[in-house]
Amino acid sequence: MDRIRIIGGQPLEGSIPISGAKNAALPLMIASILTRETLTLHNVPRLSDVRLLMRILGNHGVDAAISGKRLGQSEESGETITLSARDIVDTTAPYELVSRMRASFWVIAPMLARMGEARVSLPGGCAIGTRPVDLLLMALEKLGAEIEIDAGYVVAKAPKGLKGGHIVFPKVTVGGTHIALMAASLADGTTIIDNAAQEPEVTDLAECLIKMGARIEGAGTAQIVIEGVARLDGAHHTVLPDRIETGTYAMAVAMTGGNVLLENARPDLLQAALDVLVQSGTTITSEAGGIRVMRTGGDILPVDVATAPFPGFPTDLQAQFMALMTRAHGPSKIHETIFENRFMHVQELARLGAQIRLDGDIAYVQGKSRLKGAPVMATDLRASVSLVIAALAAEGTTLVNRVYHLDRGFEALEKKLGRCGASIERLSGEG
Ligand code: EPZ
């Protein structure tokens with residue numbers, strides 16, 4: 001198993017290209033099931049989650065191909081993937097595949113909408129909490145689906161097709177909004193989604209569906225209205241830049257000090273996180289080519305943060321921000337409001353010398369910790385990268401184990417940090 005070795009203490013200087021967003025690419029790929037025609041996605045990140053989803057979609061009969069390199073294309077350009085679901089040959093998504101990637105559960109919606117049936121394994125719990133699917137099933141039922149749970153599988157049927165309906169989410173859910181959008185696009189009549197997720201990845205999916213012929217208004221607001229159509233066509237769509245990758249590297253620069261241009265990054269996708277970084281003493285400027293992040297001397301200031309649905313501070317940046325706050329010049333408080341168990345990084349940060357006290361869903365970070373390198377490992381993607389950030393500022397050597405978590409969501413992490421002067425190296429083989 002690969003590991004990453006980091007020797008801390010170097011400021012970051014240079015530029016980092018930001019990849020396409022994992023959490024947009026995955027639902028966009030799943031939307032290919034909605035049409036017999038070819039969906040072409042550009043700027044898809046090179047990630048193991050993308051490869052796994054290609055396999056999962058292949059199991060349903062979707063042909064997926066990655067285009068070869070094009071003239072003038074750099075190593076950092078995202079990939080172009082074509083997906084063609086001419087015939088759906090299997091409407092079952094088995095446990096072996098769904099259990100490896102939670103987002104693959106979302107295939108239930110396009111399959112049900114197009115084929116009138118789907119049998120998808122329940123995804124089960126995961127490292128950041130119980131993560132139920134009750135709201136996703138409620139949304140499909142509002143569109144006329146009949147749902148049963150049978151031996152760990154959700155069996156959804158709509159033999160006469162889905163019908164438009166009124167979906168009111170009691171809690172903001174990104175996945176729930178994705179699947180409601182996909183299902184309602186092919187339903188008969190009008191669907192209204194209230195308390196919809198406003199995350200940029202939801203808007204990106206809606207924009208792609210509109211290119212495919214869907215009639216959607218209000219994506220990016222709390223109310224989305226969808227007028228169902230009888231069929232969708234193929235389309236070309238470019239995946240938006242990854243706001244979580246952007247925020248992660250911005251926090252890394254805030255942590256080590258330095259001056260880095262985050263190429264292709266869009267400030268409107270993560271304004272709340274950038275505001276918090278500014279409060280912590282980091283200089284952020286928007287440039288034509290992206291976002292410049294600078295911290296040249298001066299203390300890291302403590303800032304209290306509570307995670308919230310977009311446009312609030314994202315839960316997917318909570319662990320990284322906590323790493324930064326361990327070096328702040330005073331105590332801070334971090335409140336996780338989205339997932340009940342997303343503090344698995346706390347004990348690993350403690351191995352590096354961080355002093356953090358947990359009380360329910362609040363972490364009290366003491367600040368001013370002197371971090372020292374150590375072997376660490378994490379149980380999920382964002383927790384893993386928070387350890388990388390801490391290691392960049394720690395004295396001595398840190399070995400981050402279970403690198404496969406990082407490979408799920410961060411393209412070429414060690415190359416991107418390495419070219420800005422970080423001492424970071426991937427060690428292959430047994431760990
Ligand atoms: C998406 O997960 C992201 N995943 C997550 O990113 C992200 O943390 C999360 O949204 C919140 O922003 C992808 O886009 C692939 P939710 P999702 O439904 O859609 C509760 C990462 O690291 N809920 O918005 O699964 C749920 O338990 C990942 O890239 C229900 O109660 O999240 C949570 O408390 C991790 N019932 C809250 O809603 C349901 O049926 C928000 O979850 C569904 C959700």
Side-chain angles (χ1 to χ4, degrees), residues 19-31 45 47-50 52-53 56 98 100-109 120 122-142 147 149 154 167-182 193 195-205 239-240 242-248 269-270 272-273 307-320 335-345 361 378-386 405-411:
S19 299
K22 167 182 84 85
N23 287 350
L26 301 179
L28 287 165
M29 290 169 70
I30 289 172
L47 298 172
S48 59
D49 266 9
V50 167
L52 178 59
L53 185 57
I56 293 173
V98 179
R100 291 179 60 189
M101 186 180 22
R102 190 186 150 81
S104 63
F105 182 80
W106 300 342
V107 299
I108 193 169
V120 179
L122 281 162
C126 81
I128 61 173
T130 50
R131 302 186 77 186
V133 291
D134 55 328
L135 301 178
L136 279 63
L137 302 185
M138 176 278 284
L140 295 176
E141 277 175 340
K142 291 282 180 202
I147 295 196
I149 308 290
V154 177
I167 302 166
V168 183
F169 285 116
K171 182 174 191 180
V172 173
T173 154
V174 173
T177 309
H178 281 321
I179 70 148
L181 270 175
M182 288 192 257
I193 309 173
N195 200 23
Q198 301 174 43
E199 269 66 5
E201 295 75 22
V202 168
T203 313
D204 209 37
L205 174 65
V239 179
L240 90 174
D242 195 317
R243 64 194 167 101
I244 304 303
E245 190 193 26
T246 306
T248 299
L269 302 181
L270 73 160
T307 60
F310 192 85
F313 187 96
T315 172
D316 289 348
L317 285 174
Q318 179 257 108
Q320 299 89 314
H335 187 177
E336 172 56 57
T337 71
I338 310 288
F339 292 110
E340 78 270 26
N341 188 27
R342 207 174 195 182
F343 282 137
M344 306 300 277
H345 41 285
D361 51 10
T379 43
D380 79 84
L381 164 64
R382 313 302 177 188
S384 296
V385 87
S386 78
H405 285 302
L406 292 168
D407 293 336
R408 292 186 62 183
F410 288 93
E411 180 175 345

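As the structure lists them, so they are numbered: ligands from 1, and atoms in each ligand from 1.
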Contact (N/O only, under 3.5 Å) between A103 and ligand 1: no

Ligand 1 to D316 polar contact by distance, N or O atoms, under 3.5 Å: yes

Any R342 heavy atom less than 4.0 Å to ligand 1: yes

Residue pair K22, E411: steps toward the salt bridge (Lys or Arg N to Asp or Glu O under 4.0 Å) verdict: CA-CA 10 Å; K22 167 182 84 85; E411 180 175 345; over 6 Å; no

Any G409 heavy atom less than 4.0 Å from ligand 1: no

Heavy-atom side-chain proximity of P45 to E245 below 4.5 angstrom: no

Nearest-0.5 Å distance that lies between atom CG in L269 and atom CG in L240: 5.5 Å

Distance-only N or O hit between ligand 1 and G176, under 3.5 Å: no

Heavy-atom proximity to atom 37 (C) of ligand 1, best of E336, K171, R102, M101: K171

Any N/O pair W106/ligand 1 closer than 3.5 Å: no

Side-chain heavy atoms of V174 within contact of N23, under 4.5 Å: no

Within-cut-off N or O pair, F339 and ligand 1, under 3.5 Å: no

Exercise: do H178 and E201 side chains pair donor with acceptor under 3.5 Å: no

Per-atom contacts, ligand 1 versus K22 - under 4.0 Å to a heavy atom: 21 (C), 29 (O)

Structural part of V172 in contact with ligand 1, heavy atom criterion under 4.0 angstrom: backbone

Sub-4.0 Å heavy-atom approach of M138 to ligand 1: no

Side-chain (D242) to main-chain (S19) donor-acceptor, under 3.5 angstrom: no

Geometric N/O contact L135 with ligand 1, under 3.5 angstrom: yes

Criterion side chain to side chain donor-acceptor pair (under 3.5 Å) against R342, the qualifying member of T337, D316, T307, D361: D316

Any F410 side-chain heavy atom under 4.5 Å of L381 side chain: yes

Distance-only N or O hit between ligand 1 and T315, under 3.5 Å: no

Donor-acceptor contact below 3.5 Å, side chain S384 vs main chain L406: no

Atom pair CG (L136) and OG1 (T177), whose distance is rounded to the nearest 0.5 Å: 8.5 Å

Polar atom proximity, P132 to ligand 1 (N or O, under 3.5 Å): yes

Numbered atoms and elements of ligand 1 in range of G175, under 4.0 angstrom, heavy atoms: 18 (O), 19 (O)

F169 to ligand 1, any heavy atom closer than 4.0 Å: no

Ligand 1 contacted by T177 (non-hydrogen, < 4.0 Å): no

Any donor-acceptor N/O pair, Q198 side chain to F310 backbone, under 3.5 Å: no

